[in-house]
Amino acid sequence: MIRSAANVAAALAVALAAALCYPALAEEGADDYAAACASCHGDAEELKAGLSGETADDRAVALDAFLENHFAPDADTRGRIVAYRTSAG
């Protein structure tokens, strides 16, 4: 029981940290998208509708996998672009 509670607490801490960092990643991702993607793909808002997957997590995984082989092999850059492209705002 103690181990389970510790695992839940750790998972909540990670989730909270990710939620707090996500807006910053999305903002940096906007700059990455503008520099690396916009010249060919245009406005990211128009492309959001084309993301495949039923949930936000599904769409993020699919986009990350696509970007890995589409001019964004760097995991940090992909993460920022994924945060930007899948953000609600």
Next item on the list: With sequence neighbours left out, write down each residue that passes side chain to side chain contact (heavy atoms under 4.5 Å, CB included) with Asp31, or none if nothing qualifies.
Entry: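 Counting only residues at least two positions away or on another chain, Asp31 forms no side chain to side chain contact (heavy atoms under 4.5 Å, CB included).
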Next item on the list: Name all residues meeting the side chain to side chain contact (heavy atoms under 4.5 Å, CB included) criterion together with Thr55; count only those two or more places apart in sequence or in a different chain, and write none if there are none.
Entry: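 If we apply the side chain to side chain contact (heavy atoms under 4.5 Å, CB included) test to Thr55, skipping adjacent residues, the hits are Asp57, Asp58.
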Between [atom1] on residue [X] and [atom2] on residue [Y], distance to nearest 0.5 Å:
X: Cys37; Y: Tyr84; atom1: SG; atom2: OH; answer: 9.5 Å
X: Asp76; Y: Ile81; atom1: CG; atom2: CD1; answer: 11.0 Å
X: Asp32; Y: Glu27; atom1: CG; atom2: CD; answer: 11.5 Å
X: Arg59; Y: Arg85; atom1: CZ; atom2: CZ; answer: 11.0 Å

Check: Which heavy atom of Glu28 sits nearest a heavy atom of Arg80, and at what distance?
Finding: OE1-CD, 3.0 Å
Checklist line | Nearest heavy atoms of Ala60 and Val82, plus distance in Å | finding: CB-CG1, 3.6 Å
Check: Under the 3.5 angstrom rule, does the side chain of Arg78 hit a backbone N or O of Leu67 as a donor-acceptor pair?
Finding: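 Looks like no, no N/O pair under 3.5 Å.
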Note to self: Do His41 and Tyr33 make a side-chain contact, defined as non-hydrogen atoms from C-beta onward lying under 4.5 Å apart?
What the structure shows: yes
Next item on the list: For Phe66, enumerate each residue passing the ring-ring contact (aromatic ring centres under 6.0 Å, His included) test, keeping only those at least two apart in sequence or located in another chain.
Entry: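 So Phe66 forms a ring-ring contact (aromatic ring centres under 6.0 Å, His included) with His70.
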